[in-house]
Amino acid sequence: MGTATAAPTRTAPVRPRTTGGPVPGQNTAPPEPPRQRGYLRSAVVALGLGAILFTVGAVGLSPDAPSATGATTPSGASGTVDRTDAVEALRERVRRLPGDAPAWASLGMAYVQRARATADPATYDRAEDALSRSLELQPAGNHQAETAMGALAAARHDFPRALDWAEKATAANPFSASAHGVLADAHTQLGRYDESYRAVQRMVDLRPDSASYARASYTWELRGDRRRARELMSRSLKAAATPTDRSFARTHLALLALESGEHRTALREAGAGLREAPQDSALLEVRARAHTALGHHRQAVSDYTAALAIAPLPHYLLGLGELHQSLRRPEQAEAQYAVLRAQETIREANGGPADVDAILFEADHGDPRKAVTMARTTLAARPFIAVHDAYAWALHRAGRNTEALGQADQALALGTRSALFHYHRGMIHHALRRTAPAQQDLRRALSIDPRFHPLHAPAADSALSRIDDTA
């Protein structure tokens, strides 16, 4: 049944997601804008959440873990409530049964899932404590805790460690679909795409459900087949058993539409998800991007602000800051950039790797030479195509275009349909006076989505006009 859904096992890279405003006629007044200190309270965990969309969002609690009464919510409840109820039910279970190793493992995974939704830094420590307790109680063959440890390591951007835990989990239980999902995520981020595809195929074969269909969708998206990716993500939505799973699928359906230039479709998908999960920050952010592309600036700012009040993630801050910059609101833009700089200071103090958004921010709004150093360090530990793209752009901004072109080629080696990646390579070609390739990439970017970015889309159009005038 599942063998036709996942990607074939052949070399072809896979890209991260590096995971809008009110729908017309819908009353969705946002909360008060968060204060800057509120953004900073969760800065440490915020820096680590960008890469775990699949590691956490599409894994879920293992189906062979103990169920907890009250761990689900009725239809119409938000995804945040769903996660909160699951955590509380599992905490009650381990209070009653402190020797229940699988319950401790499920609690640990639930904490990792909560971290994605809330960006609460203390949640990482709670997750590790619960998982360590599970492994103390059951040191051997504890594939549930090992799987969750892998998800936690990936959330912290320690992908070699995530791979180690996932390999332990799949060795302990070769029939655990969740373990194969974490294995696939680690291989993806480490640039081992063939291994990732095999792990996804195994996951689909073992359990063709919402999580496995979502990963299969991702493998096709990375290779540029958006039609196949949408088909599989739609199957993921149909198979979703919880509000959290449905929110995840809706987010990615909206992103697939958005990144294909179908902004109104993205708006509808995000709106449908937010009617069920109004506090889902990922849905709010993708709706903000759709509103931005459609010129609904007030609604976009409203949704970005609401998303940031829930989770102060770097790409939310960068998106809002660049929207303000495109609208010639320098003070509002700088307020967002100041928080990003503060987050970067915290990351550096803690020694964590830079995420793609931090690299791009430094390249465009800070010191490009520093961005090059950040990207080089990150690429050594995470040779993923989005990191290649960020490294390419940092090198370009630092005036090192010959080196940049090699990195940009690696970013697009899988055939990923990314307007931003093509824009970056087009501008690098332009700087190298390679007229025909520059025209090709810039036209490709604008054909994928003529409004792919509030700053870069106009720059692409302007550069293409200049090239055409002088060609």
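For this chain, numbers begin at 1 and follow the sequence in order. These numbers were taken from a predicted model, which means no experiment stands behind them.
- A donor-acceptor contact shorter than 3.5 Å links the side chain of Thr305 to the backbone of Val301.
- Between Trp393 and His456, the ring-plane angle classifies as perpendicular under the 30° and 60° cut-offs.
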**Prompt:** Run the side chain to side chain donor-acceptor pair (under 3.5 Å) check on Glu285 and His315 step by step: do they pass?
**Reply:** CA-CA 9 Å; Glu285 188 265 348; His315 60 292; 4.6 Å; no
**Asked** Going through the checks in order, is the side chain to side chain contact (heavy atoms under 4.5 Å, CB included) test met by Met149 and Ser132?
**Response** CA-CA 9 Å; Met149 277 291 199; Ser132 296; 3.7 Å; yes
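- Residues Thr147 and Ser178 have side chains that never bring a donor and an acceptor to within less than 3.5 angstrom of each other.
- Two residues are said to be in side-chain contact when any heavy atoms from C-beta on lie closer than 4.5 Å; Leu446 and Phe452 meet this criterion.
- Under the 3.5 Å distance criterion, with hydrogens and angles disregarded, no donor-acceptor pair is assigned to the side chains of Ser260 and Asp449.
- Between Leu258 atom CG and His263 atom NE2 the span is 5.5 Å, to the nearest 0.5 Å.
- Using a 4.5 Å heavy-atom threshold, the side chains of Tyr391 and Arg376 count as touching.
- Scanning all heavy atoms of the two residues, the minimum distance from Val204 to Ala216 falls at CG2-CB, 4.3 Å.
- With rounding to the nearest 0.5 Å, the separation of OH in Tyr124 from CG in Leu152 is 7.5 Å.
- Looking only at side-chain heavy atoms (C-beta outward), Leu405 and Arg434 come within less than 4.5 Å of each other.
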**Message:** Could you walk me through whether His180 and Leu183 satisfy the side chain to side chain contact (heavy atoms under 4.5 Å, CB included) test, starting with their C-alpha distance in whole Å, then the side-chain angles of each, then the deciding distance to 0.1 Å, before giving a yes or no?
**Reply:** CA-CA 5 Å; His180 284 283; Leu183 183 66; 4.2 Å; yes
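- Residue His424 holds its NE2 atom at 12.0 Å from CG of Leu395, rounded to the nearest 0.5 Å.
- In this structure, His422 and Leu442 have side chains that are not in contact, with every pair of non-hydrogen atoms separated by 4.5 Å or more.
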**Request:** Might you work through the ring-ring contact (aromatic ring centres under 6.0 Å, His included) test for Tyr304 and Tyr316, ending with a clear yes or no?
**Result:** CA-CA 7 Å; Tyr304 271 127; Tyr316 299 179; 7.5 Å; no
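- No hydrogens or angles considered: nothing links the side chains of Gln439 and His429 as a donor-acceptor pair under 3.5 Å.
- Between the Thr378 side chain and the Ala354 main chain, a donor and an acceptor come within less than 3.5 Å of each other.
- A donor-acceptor pair under 3.5 Å is formed between the side chain of Ser196 and the backbone N or O of Ala184.
- Residues Leu284 and Asp280 form no side-chain contact, since every pair of their non-hydrogen atoms from C-beta on lies 4.5 Å or further apart.
- A donor-acceptor pair under 3.5 Å links the side-chain atoms of Glu362 to the main chain of Asp367, judged by distance alone.
- Between Pro160 and Leu190 there is a side-chain heavy-atom pair separated by less than 4.5 Å.
- Between the side chain of Arg347 and the backbone N or O of Gly352, at least one donor-acceptor pair lies under 3.5 Å.
- Under a 3.5 Å cut-off, the side chain of Thr416 and the backbone N or O of Leu412 do not form any donor-acceptor pair.
- Residues Ala153 and Ala162 approach most closely at CB-N, 3.6 Å, considering heavy atoms.
- Annotation for Arg451: atom CZ counts as buried by contact number, over 12 foreign heavy atoms lying within 6.0 Å.
- Salt-bridge annotation for Arg215 and Glu221: absent, with no side-chain N of the basic residue lying under 4.0 Å from a carboxylate O of the acidic one.
- Separating the NE2 atom in His297 from the OG1 atom in Thr292 is a distance of 6.5 Å, to the nearest 0.5 Å.
- Summarising the geometry, atom OG1 belonging to Thr402 is positioned 5.0 Å from atom CG belonging to Leu432; distances are rounded to the nearest 0.5 Å.
- Salt-bridge check for Glu128 with Arg156: passed, with a basic side-chain N closer than 4.0 Å to an acidic carboxylate O.
- Side-chain contact between Arg341 and Glu334 is present, with at least one heavy-atom pair separated by less than 4.5 Å.
- A distance-only check finds a donor-acceptor pair linking the side chain of Asn142 to the backbone of Ser134 [under 3.5 Å].
- Remark: side-chain polar atoms of Thr123 are not paired, donor with acceptor, to backbone N or O of Ala115 under 3.5 angstrom.
- Here the closest heavy-atom approach between residue Ala177 and residue Met203 is recorded as O-CG, 3.4 Å.
- A donor-acceptor contact under 3.5 angstrom links the side chains of Tyr337 and Gln325, judged on distance only.
- Gln336 and His324 are not linked by any side-chain donor-acceptor pair at a separation below 3.5 angstrom, with hydrogens and angles left out of the test.
- Side chains of Ser462 and Arg466: a donor-acceptor N/O pair is present below 3.5 angstrom, by distance only.
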**Prompt:** Hey, mind stepping through Arg226 and Arg417 against side chain to side chain contact (heavy atoms under 4.5 Å, CB included) and telling me if it holds?
**Reply:** CA-CA 8 Å; Arg226 290 277 173 83; Arg417 280 174 51 87; 3.8 Å; yes
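- Under a 4.0 Å N-O distance rule, the pair Lys168/Glu146 does not qualify as a salt bridge.
- The minimum heavy-atom distance linking His453 with Leu455 is given by the pair ND1-N, 2.9 Å.
- Between Ala419 and Ile448, the closest heavy-atom pair is N-CD1, 3.9 Å.
- The pair Asp355-Arg382 meets the salt-bridge criterion, with a side-chain N (NZ, NE, NH1 or NH2) lying under 4.0 Å from an Asp/Glu carboxylate O.
- Under the 4.5 Å side-chain criterion, counting only non-hydrogen atoms from C-beta, Arg250 is not in contact with Val286.
- Rounding to the nearest 0.5 Å places CG of Asp357 at 6.0 Å from CG of Leu318.
- Remark: side-chain polar atoms of Tyr111 are not paired, donor with acceptor, to backbone N or O of Ser106 under 3.5 angstrom.
- Closest heavy-atom contact between Asp245 and Ala240: CB-CB, 3.6 Å.
- Although no hydrogens or angles enter the test, the distance criterion places a donor-acceptor pair under 3.5 Å between the side chain of Ser236 and the main chain of Ser210.
- Between Gln407 and the options Arg400, His388, Arg425, a side-chain hydrogen bond (donor to acceptor under 3.5 Å, both in side chains) holds for only His388.
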**Request:** Determine, stepwise, if the pair Leu323 / Arg329 fulfils side chain to side chain contact (heavy atoms under 4.5 Å, CB included).
**Result:** CA-CA 9 Å; Leu323 171 59; Arg329 300 170 179 171; 5.9 Å; no
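- Looking at Glu262, Glu259, Glu269 one by one, the single match for salt bridge (charged side-chain N to carboxylate O under 4.0 Å, His left out) with Arg230 turns out to be Glu262.
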